[in-house]
Number of protein chains: 2
Amino acid sequence: MAKETKNTLRDSVYSALKAMIVTGQIPPGSRVTENDIAAKLTVSRTPVREAFNRLERDGLVTGRPRQGYVVTEFDINMFREAFEIRELLDGHATELAAAAATEADKARLRAMLAECERLAAIPERTNREKFQELEVGIDLHRVIAEISGNVMLHGMLCGILDKCQHYVWTELLWLDEWKIARDEHAEIVDAICAGDASRAGTLARAHVRGSRDNVLRLLQAKSDYRNFLAKAS
Amino acid sequence: MAKETKNTLRDSVYSALKAMIVTGQIPPGSRVTENDIAAKLTVSRTPVREAFNRLERDGLVTGRPRQGYVVTEFDINMFREAFEIRELLDGHATELAAAAATEADKARLRAMLAECERLAAIPERTNREKFQELEVGIDLHRVIAEISGNVMLHGMLCGILDKCQHYVWTELLWLDEWKIARDEHAEIVDAICAGDASRAGTLARAHVRGSRDNVLRLLQAKSDYRNFLAKAS
DNA sequence: GCATGCTATTTTGTATACAATTTTGAGTGT
DNA sequence: ACACTCAAAATTGTATACAAAATAGCATGC
């Protein structure tokens with residue numbers, strides 16, 4: 001993940017806050033105050049404010065006047081919407097990438113696949129290594145969007161992935177069906193390397209739908225479980 | 001266009017600046033300083049800064065550290081990218097809208113069409129009335145996206161339309177082929193009202209491609225003209 | 001005349017002070 | 001025990017002061 005910490009405080013705070021949110025260190029739904037962050041990062045409130053403004057525009061926090069900011073909480077419906085859009089954008093980006101990928105691009109994609117395999121093959125891996133595998137898997141989609149050559153498409157897709165990423169850290173760790181995702185990623189990269197845009201796009205769209213189903217099933221189960229607990233008490 | 005001027009200065013400044021940029025009052029490529037805007041709106045620099053932060057996130061201005069902000073200048077390639085994404089998103093949104101539109105929604109769309117026709121039928125209309133027609137035409141797409149029910153899709157589409165809108169004010173006024181757009185809009189609304197998602201989506205995608213071709217042709221002609229001038233001198 | 005270097009101005013980056021508003025909690029009366 | 005009022009605390013909204021950096025213009029030397 002590109003850290004991109006420019007030399008202004010505002011950008012550092014923005015990166016730091018975004019990382020904390022995306023990785024779930026600040027859990028969704030929690031309230032965050034400017035003073036807390038300013039104190040924690042030992043800066044004044046001004047750069048913190050500006051960072052919050054940008055995060056709000058990114059959709060990662062929502063703030064109401066004089067009531068502070070809340071880390072955006074995604075419900076099932078929002079995920080459904082996000083994946084619906086991802087199917088469109090990711091599918092198209094993958095088609096474009098298949099037509100535009102240079103040899104260097106293809107090597108880069110294959111290297112990322114190999115890294116995933118390596119991380120997956122570690123015998124008794126820690127959570128840190130699981131996280132790494134997940135992150136590389138998501139980054140693969142970012143890189144494909146970058147290869148597509150459509151800068152705006154890349155930016156929008158990154159925005160959605162940022163918003164969806166936190167569920168990875170908080171939820172998806174429970175799942176262990178990652179082999180499917182690895183295989184699908186490999187197929188997509190294969191199609192891109194073969195220059196088969198149509199197949200690559202179809203595979204990408206199916207892959208997004210599959211991810212969506214996994215996530216939605218997981219969230220649904222969690223919701224049911226909460227309801228069960230509430231009724232039992 | 002929803003003005004949405006909340007009661008904080010920051011939001012007012014944001015709306016005001018955005019309107020000035022989108023309508024081309026501040027032309028693309030021009031430099032804008034915080035002090036100028038603060039003085040013009042008689043507020044301090046703080047809310048202006050925050051507005052700029054959000055606008056930068058919207059992609060309407062680009063700012064480099066300690067060098068001020070510049071209204072984003074779109075070249076042909078950016079428009080090509082934007083329209084490529086619009087074809088995806090607008091097409092999908094229109095499909096969804098056709099499946100989801102209530103009677104009230106349909107009435108709203110028809111009213112917007114009627115307003116376009118009314119404005120187009122005015123005998124010797126001023127620029128102001130031409131602008132209005134264009135704006136309603138763009139708003140139609142925003143409303144369709146809203147009707148789709150996918151909030152995130154609606155937001156993203158509005159973001160792209162905002163970015164593309166300024167060309168309308170600066171360039172498209174030269175064109176006079178709006179009747180085509182009006183007819184296409186009418187066809188799309190018809191398909192939505194008939195609940196024919198597939199046809200609505202196909203029409204919407206074709207409509208976006210048509211708009212793209214118009215805009216790109218215009219920009220290309222302008223570019224050629226500039227080159228001609230440069231060589232002649 | 002032209003390049004170079006220095007200063008003066010402009011402009012943003014950051015911190016802090018103050019105002020306005022919302023929330024919270026205690027206290028009182030019923 | 002409950003509701004209501006009022007005040008204090010917490011929190012953001014705005015303004016301003018100061019620091020740092022970049023730009024522009026002028027003077028100087030060749």
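Here is the naming used below: chain letters follow the sequence lines, and residue numbers restart at 1 for every chain.
The side chain of A/R49 contributes no N or O atom lying less than 4.0 Å from OP1 or OP2 of D/dT12.
Atom CG of A/D36 is separated from atom P of D/dT11 by 7 Å (rounded to the nearest Å). To the nearest angstrom, C1' of D/dT14 lies 13 Å from CG of B/D11. What separates OH of B/Y69 from P of D/dA22 is a distance of 15 Å, to the nearest Å. Distance A/E50 CD to C/dG13 P: 7 Å, rounded to the nearest Å. Atom P of nucleotide D/dA15 and atom CZ of B/R10 are separated by 13 Å, given to the nearest angstrom. Distance B/F52 CZ to C/dG13 C1': 15 Å, rounded to the nearest Å.
Toward the 5' end of DNA chain C, the nearer of the two residues B/T33 and A/P47, judged by each one's closest nucleotide, is B/T33.
Residues forming a side chain to side chain contact (heavy atoms under 4.5 Å, CB included) with A/T126 (at least two apart in sequence, or on another chain): A/R128, A/E129. Qualifying side chain to side chain donor-acceptor pair (under 3.5 Å) partners for A/D75, counting only residues two or more places apart in sequence or in other chains: none. Legend: residues meeting side chain to side chain contact (heavy atoms under 4.5 Å, CB included) with A/R31, ordered by chain and number and at least two apart, are A/V70. Residues satisfying the side chain to side chain donor-acceptor pair (under 3.5 Å) criterion with A/R54, sequence neighbours excluded, are A/D11. Residues passing the side chain to side chain contact (heavy atoms under 4.5 Å, CB included) test with B/E115 are B/R118, B/L119, B/V136, sequence neighbours excluded. With sequence neighbours excluded, no residue satisfies side chain to side chain donor-acceptor pair (under 3.5 Å) with B/E81. Residues that satisfy the ring pair (Phe, Tyr, Trp, His ring centres under 6.0 Å) test with B/Y69, not counting sequence neighbours, are B/F52. The side chain to side chain contact (heavy atoms under 4.5 Å, CB included) search around B/E146 returns B/R108, B/H154, not counting sequence neighbours. Applying the side chain to side chain donor-acceptor pair (under 3.5 Å) criterion to A/D36, with sequence neighbours excluded, gives A/T33.
Ring geometry, B/Y225 versus B/F228: the interplanar angle falls under 30°, so the pair is classed parallel (tilted spans 30 to 60°).
The pair B/D58-A/R57 meets the salt-bridge criterion, with a side-chain N (NZ, NE, NH1 or NH2) lying under 4.0 Å from an Asp/Glu carboxylate O.
Overall bending of the helix from C/dG1-D/dC30 to C/dT30-D/dA1, expressed as the angle between end axes built from five pairs apiece, is 0° (10° steps).
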Are there any protein N/O atoms within less than 3.5 Å of an N/O atom in nucleotides 16-18 of chain C, and if so, which ones and at what distance?
none

Collect all protein-nucleotide pairs involving nucleotides 21-24 of chain C in which both atoms are nitrogen or oxygen and the distance is under 3.5 Å.
unit_1, atom_1, unit_2, atom_2, d
C/dT21, O4', A/R66, NE, 3.2
C/dT23, OP1, A/Q67, NE2, 3.2

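Considering only the side chain of A/L9, C/dT14 comes nearest among D/dT12, D/dT14, C/dT14.
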